[in-house]
Student: 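There's a structure below that I have some questions on.
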Number of protein chains: 2
Amino acid sequence: MSKEITIYDIAKELDVSPTTVSRALNDHPAVNKNTKQRIFDAASSMGYRSNLFASNLRSKRTNTIGVIVPMLNSHFQSSVIAGMEKVANQEGYNLIISQSLGAAEKEIANAKTMFNSRVDGLLVSLAHNTGDTSHFDPFFQKGVPVIFYDRIAEHQQGIGIVIDNMQAAYKATTHLIEQGCTRIAHISGSPKINVYAERLKGYKYALIDHNLPFDESYVLAGSKLNEEAGIEAARQILRMDPMPDGIFVSNDTCAASCIKALKQAGKSVPEDIAVVGFNNDSICGIVEPSLSTVDYPGYEMGEVAVRSLLNLINGVSDAHITNTITLRSELIVRESSTRKAFAARSAADAETQKKVLY
Amino acid sequence: MSKEITIYDIAKELDVSPTTVSRALNDHPAVNKNTKQRIFDAASSMGYRSNLFASNLRSKRTNTIGVIVPMLNSHFQSSVIAGMEKVANQEGYNLIISQSLGAAEKEIANAKTMFNSRVDGLLVSLAHNTGDTSHFDPFFQKGVPVIFYDRIAEHQQGIGIVIDNMQAAYKATTHLIEQGCTRIAHISGSPKINVYAERLKGYKYALIDHNLPFDESYVLAGSKLNEEAGIEAARQILRMDPMPDGIFVSNDTCAASCIKALKQAGKSVPEDIAVVGFNNDSICGIVEPSLSTVDYPGYEMGEVAVRSLLNLINGVSDAHITNTITLRSELIVRESSTRKAFAARSAADAETQKKVLY
DNA sequence: TTGTAAGCGTTATCAG
DNA sequence: CTGATAACGCTTACAA
């Protein structure tokens, strides 16, 4: 284990003070350009690397951002994290990532770890079953900024970053209506989670605005939107009388397995039942028929989240003023919802619809 | 921002020395049980939290493990990380995770960041196009242990953790042969990556051991095994004459899109062509027919990786002795490779096969 | 533009 | 079993 070079070593070598070295390395303006260059050269030739811990200890900053995420293995979440990482890297921050795996319990433990690691800020997408968010109170008490994204708390402190789930659901449902569907079911997740509650609203309002009845019994709300949930939902839908001719599902995985189950029961998609999912996961292109869905701007959300957090950390903005940042999302139409007979009409309607929406 | 409590505050409060407080908090054996308890109580009632940076600075350990991964959004990689996180948490380590997104360039940058962050150890699954691994040399020079997993380097320093890709591929191919396939194609990734090279070998040996010809033209090696690659592979396979009656694909996503393309061309799976994938991604259950595949023990691999790394960090084991750790994998048979006519024979053969294999 | 000196909060060392 | 003291490597008033 070779000895670590410190700013003292560089200082001695160049016969300047450690302070000057420190300043030069931090690109402080009040250091002679020449000296700065000499110091940089010496640093690199001597194999110096800065000691973050000494620096953190002294400056009381960690240059680390904590991320708590339900799970990493979705197209959406990994895009978000990619976006976060990009900006964080640019600005010289590290990301400590932990998964709550959907369990509030693990989320609480992770929050504690992040707190003890003294992250400069925290980015959180809540677990499925997180009831209260008091485990984030220590951060608020210490003035460590916390930003919730995607799955945000109902009455939260801190900023929330979301897409307009209601609008997205409204668009998706309207699209089904334009395709000629009149009995549209909705498969939703836990109504306790904001995203599902908002999507349910969008679904409901779209129906109402197009003079279709909103029927509670057409809404299937489970807790987890996984493969099993899709199969179970299909079972229930097949039993409905009259059977729905369209489904808006709040999650692609669930939509995909639901489609599979419906097909196995002899129904054809989109002819008998048109389906729209949510997330634009990679399975969308693989399932048959390919799945119409809502594309989340995950990468952008990650970028915005980190940028906003850095503003809070640096005192540039104030969490008491900004409260929610809303990003746009986009409906992607594929085969699972495209009924040939309605295609022409649909295109015309889309124009009209835009005026209604905005 | 309330004032942070330090061990000095606790020491003053209880009229002991800071040293004793430090020792107690670290559960040092040479501290009176009673004193220890008093210190613990005071610490929690005063709202003390340890300052990792001071501790790291002094002890020259960071309690942080760096993870560099190609991408997070696969069933396999996220399982690995879940396993890593579990063990790391248990042992009081944090995980800093970064994605190389398959680009060697980003991997190099990430390695540098990890180095400057002074991680105690590094876990790496190499990017697609990583040629040489000299960007990890600084770690070796400083004696920071590095463990490669899954995608390991050809002539690497440090320990490698892998599954027996050759054996897994051998099993998968043998399974296809047992189902009556005689012309089996193989869709592979870059032969520069160990996992694909090994799987190709397993495929080849299985053919040879069962007296089937190994034909280079039946091997389609692309660089990325994504959806497009599956479609392109299907195109090529459809042009082959005679057309293969089985395909072993080194990746599920690619296998799924390949199946879709084959079906669109009027071929039926598994009747015309049986298919086996690799990874046991979540799409396996959703595609039609459901996809037979090789299940990687991802979670275990993560656990083993961290445990091994901690042993190296703590000097319990020695990287010069252990070189490669190989984990078992499992063939999961689903519809895409099950030909009813051969089912009975297959069961009998499986027994025989075991004797051949082990 | 540069330097001096005093910490940041912990742990290692040595001495009881 | 406990304590005094000196680092760890850096930043930041303050001073020149």
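Chain A is the first sequence line, chain B the second, and so forth, proteins listed ahead of strands; every chain is numbered from 1. It should be emphasised that the depicted structure is a prediction, and the values quoted were computed from it without experimental measurement.
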Student: Could you name each residue pair satisfying salt bridge (Lys or Arg N to Asp or Glu O under 4.0 Å) that touches residues 61-70 of chain B, not counting sequence neighbours?
Tutor: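 Sorted pair list comes back empty.
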
Student: When you check the phosphate oxygens OP1 and OP2 of dG3(C), does a side-chain N or O of Thr20(A) lie under 4.0 Å from one of them?
Tutor: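 Result: yes.
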
Student: Looking at Pro70(B) and Arg151(B), what are the two nearest heavy atoms and their distance?
Tutor: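 Result for this residue pair: CG-NH1, 4.1 Å.
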
Student: Roughly, in whole Å, what's the span from CG in Asn56(A) to C1' in dG9(D)?
Tutor: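 Rounded to the whole Å, the gap is 11 Å.
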
Student: In this structure, how many angstroms lie between the C1' atom of dT11(D) and the CZ atom of Arg61(A), rounded?
Tutor: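 So the CZ-C1' distance, Arg61(A) to dT11(D), works out to 13 Å.
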
Student: Just jot down the salt bridge (charged side-chain N to carboxylate O under 4.0 Å, His left out) partners of Lys12(B), sequence neighbours excluded, or say none.
Tutor: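 If we apply the salt bridge (charged side-chain N to carboxylate O under 4.0 Å, His left out) test to Lys12(B), skipping adjacent residues, there are no hits.
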
Student: Among all residues two or more places apart in sequence or in another chain, which pass the ring-ring contact (aromatic ring centres under 6.0 Å, His included) test with Phe53(A)?
Tutor: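 Testing Phe53(A) for ring-ring contact (aromatic ring centres under 6.0 Å, His included), a comparison that skips the adjacent residues, returns none.
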
Student: Are OP1 or OP2 of dC1(D) and a side-chain N or O of Thr35(B) less than 4.0 angstrom apart?
Tutor: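 Thr35(B) to dC1(D) OP1/OP2: no side-chain N or O under 4.0 Å.
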
Student: Generate the contact string for nucleotides 9-16 of chain C. Rules: B means base contact, S means sugar-phosphate contact only, - means no protein heavy atom under 4.0 Å.
Tutor: BBBB----

Student: Applying salt bridge (Lys or Arg N to Asp or Glu O under 4.0 Å), which residue pairs with at least one partner in residues 72-85 of chain B are found, sequence neighbours left out?
Tutor: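 Residue pairs passing salt bridge (Lys or Arg N to Asp or Glu O under 4.0 Å), neighbours aside: Lys106(A)-Glu85(B).
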
Student: Less than 3.5 Å apart, which donor and acceptor atoms pair up between the side chains of residues 117-126 of chain B and the rest of the protein, not counting sequence neighbours?
Tutor:
| from | atom 1 | to | atom 2 | distance (Å) |
| --- | --- | --- | --- | --- |
| Ser117(B) | OG | Asn94(A) | ND2 | 2.7 |
| Ser117(B) | OG | Thr113(B) | O | 2.9 |
| Arg118(B) | NH1 | Ser50(A) | O | 2.6 |
| Arg118(B) | NH2 | Glu4(A) | OE1 | 3.1 |
| Asp120(B) | OD1 | Thr62(B) | N | 3.0 |
| Asp120(B) | OD1 | Thr62(B) | OG1 | 3.2 |
| Asp120(B) | OD2 | Thr62(B) | N | 3.2 |
| Asp120(B) | OD2 | Asn63(B) | N | 2.7 |
| Ser125(B) | OG | Tyr149(B) | O | 3.3 |

Student: To the nearest angstrom, how far is Asn63(A) atom CG from dT11(D) atom C1'?
Tutor: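 After rounding, the gap between these two atoms is 13 Å.
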
